[in-house]
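Have a look at the structure below, then the notes.
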Amino acid sequence: MHYDRRKFIRTGLVGTVAMASGCNSIGDPEESTGKITGDPSAGKGPIVLSTWKHGLMANAKAWQVLKANGTVLDAVEQGVSVVESDFSNRSVGLGGRPDRDGFVTLDACIQDHGGRAGAVAFIQRFEHPISLARAIMERTPHVMLVGKGAEQWALENGFVHRDVDIPEVRQEWQDWLKTSTYKPIANIENHDTIGMIAMDANGQLAGSCTTSGMAYKIHGRVGDSPIIGAGLFVDGEVGAACATGVGELMIRTAGSHTVVELMRQGRTPDEACQEAIRRIAKHVPAKEDMQVGFIALRADGLYGARSLYSGFDYAAKTNSVEGLVDAGYDRERD
Ligand code: GLY
């Protein structure tokens, strides 16, 4: 693997300057800092990156796991589990908004340094789809189980149902039914998947992704989040990427795989995410408010992100950084 060393150093230095001038203090982790294109500690894990503000709590858990000598796979599983258990979250886990028929259906996937992968899609009444995805990876010869079959396998293998009824969510759905003409919404407000990519102190990579998917989707719809190569892709020799946003756009372009392959060809994480967004943007007319975003972590520790529209941020945690980072973007949101 040959990276452009000069480009890497330049980007790394930009990151250093950005951090020095706009750095989040660890005591104030919720403010977006402005764009950071790399980490001054590049090459030195641990590094944990997660999409959106809910990534802060996920990163904190993953960091704790890594500091207690847990594996990076444990870290990415347990990190996003915290968000799955936060029933105030309306786009991840059992607190998520339902599909148009009123069912909360969940998708997740996980992948390790060596490319092993597990995924689960279109499941109901399980608190931790990410743990189910990992169990499928580790205990079956398959990568992905879906729907009733996945639920049956889960119950046979120690997972239990969890029922969560949130009156506010039910009421919102009933209000939506009155005006929606039963039509799913695919827009900029409706996409806050948590994806996490991480590196441990030995340079081992892993990633995870979990979501309740697009609110008021057609019953049976599955987005990018459980699809290896779309919502997440990890190649320990090259790097990792994960995605958030309108899943159909990521599936059509194998988005996360594209980002990793571009890094393999020598692009920086920022450049790779930018090119993947450019390819998606060709299919999204101006003014169509469909958000997509990628975060990427290269095997040497450099990281970056990009979104189609402004407003995407991600949580970063390293030995010297903790906070939310605004991703670069192609289009200004009105
Ligand atoms: N990115 C989440 C979804 O489209 O379901």
Side-chain angles (χ1 to χ4, degrees), residues 49-55 58 80 83-84 86 89-101 103-111 119-124 126 129-130 132-133 144 146-147 150 169 173 183-197 207-233 240-259 273 276-277 280-281 283-284 288-296 305-309 311-315 327:
L49 309 172
S50 301
T51 54
W52 304 107
K53 186 176 173 181
H54 49 212
V80 300
V83 182
E84 290 178 333
D86 173 9
N89 192 307
R90 296 288 168 261
S91 52
V92 177
L94 292 171
R97 295 195 176 86
D99 63 23
R100 68 181 192 177
D101 293 338
F103 300 102
V104 177
T105 70
L106 305 176
D107 306 328
C109 73
I110 195 161
Q111 194 167 28
V120 68
F122 191 49
I123 57 159
Q124 296 176 48
F126 289 94
I130 196 64
L132 185 46
M144 183 183 235
V146 305
V169 172
W173 167 65
K183 194 166 170 255
I185 313 170
N187 70 11
I188 209 154
E189 304 292 355
N190 189 9
H191 51 70
D192 299 354
T193 304
I194 182 151
M196 174 182 282
I197 47 179
S208 59
C209 193
T210 178
T211 189
S212 54
M214 193 181 283
Y216 314 136
K217 60 198 173 188
I218 294 170
H219 190 60
R221 179 264 188 190
V222 171
D224 60 311
S225 301
I227 298 181
I228 296 295
L232 174 71
F233 194 68
C242 65
T244 181
V246 176
E248 284 73 5
L249 296 169
M250 257 77 72
I251 296 172
R252 285 178 197 141
T253 54
S256 293
H257 182 261
T258 296
V259 171
C273 293
I277 290 289
I280 287 175
H283 306 288
V284 182
E288 190 127 348
D289 62 346
M290 289 192 177
Q291 179 66 301
V292 285
F294 292 105
I295 57 177
R306 188 85 179 181
S307 56
L308 180 56
Y309 283 93
F312 170 51
D313 53 15
Y314 64 101

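Ligands are counted one by one from 1 in listed order, and the atoms in each one are counted from 1 as well.
One distance of note links CG of Asp224 with OG1 of Thr211; it measures 8.0 Å at 0.5 Å rounding.
Contact annotation: the side chain of Val92 never approaches that of Ser212 to less than 4.5 Å [non-hydrogen atoms, C-beta and beyond]. Here the side chains of Pro98 and Val169 are in contact, with some heavy-atom distance below 4.5 Å. The shortest distance between side-chain heavy atoms of Arg97 and Trp173 does not fall below 4.5 Å. The shortest distance between side-chain heavy atoms of Glu248 and Met214 falls below 4.5 Å.
Counting atoms of ligand 1 from 1 in the listed order, those under 4.0 Å from a heavy atom of Ser225 are 1 (N), 2 (C). Those atoms of ligand 1 that come under 4.0 Å of a heavy atom in Gly213, given as number and element, are 5 (O). Residue Gly245 approaches ligand 1 through these ligand atoms, each under 4.0 Å from one of its heavy atoms: 1 (N), 2 (C), 3 (C), 4 (O). Listed by number with element, the atoms of ligand 1 under 4.0 Å from a non-hydrogen atom of Asp224 are 1 (N), 2 (C), 3 (C), 4 (O). Near Thr193, meaning under 4.0 Å from any of its heavy atoms, are these atoms of ligand 1: 1 (N), 2 (C). The distance from ligand 1 to the heavy atoms of Met214 drops below 4.0 Å at these ligand atoms: 5 (O).
Residue Glu248 has no N or O atom closer than 3.5 Å to an N or O atom of ligand 1. On a distance-only criterion, Gly247 and ligand 1 share at least one N/O pair closer than 3.5 Å.
Taking all atoms of both residues into account, the shortest heavy-atom contact from Ala276 to Gly255 is CB-O, 4.4 Å.
A donor atom on one side chain and an acceptor atom on the other are not found under 3.5 Å apart for Asp107 and Thr105.
Here atom 3 (C) of ligand 1 lies nearest to Arg221 when heavy atoms of Met250, Lys217, Arg221 are compared.
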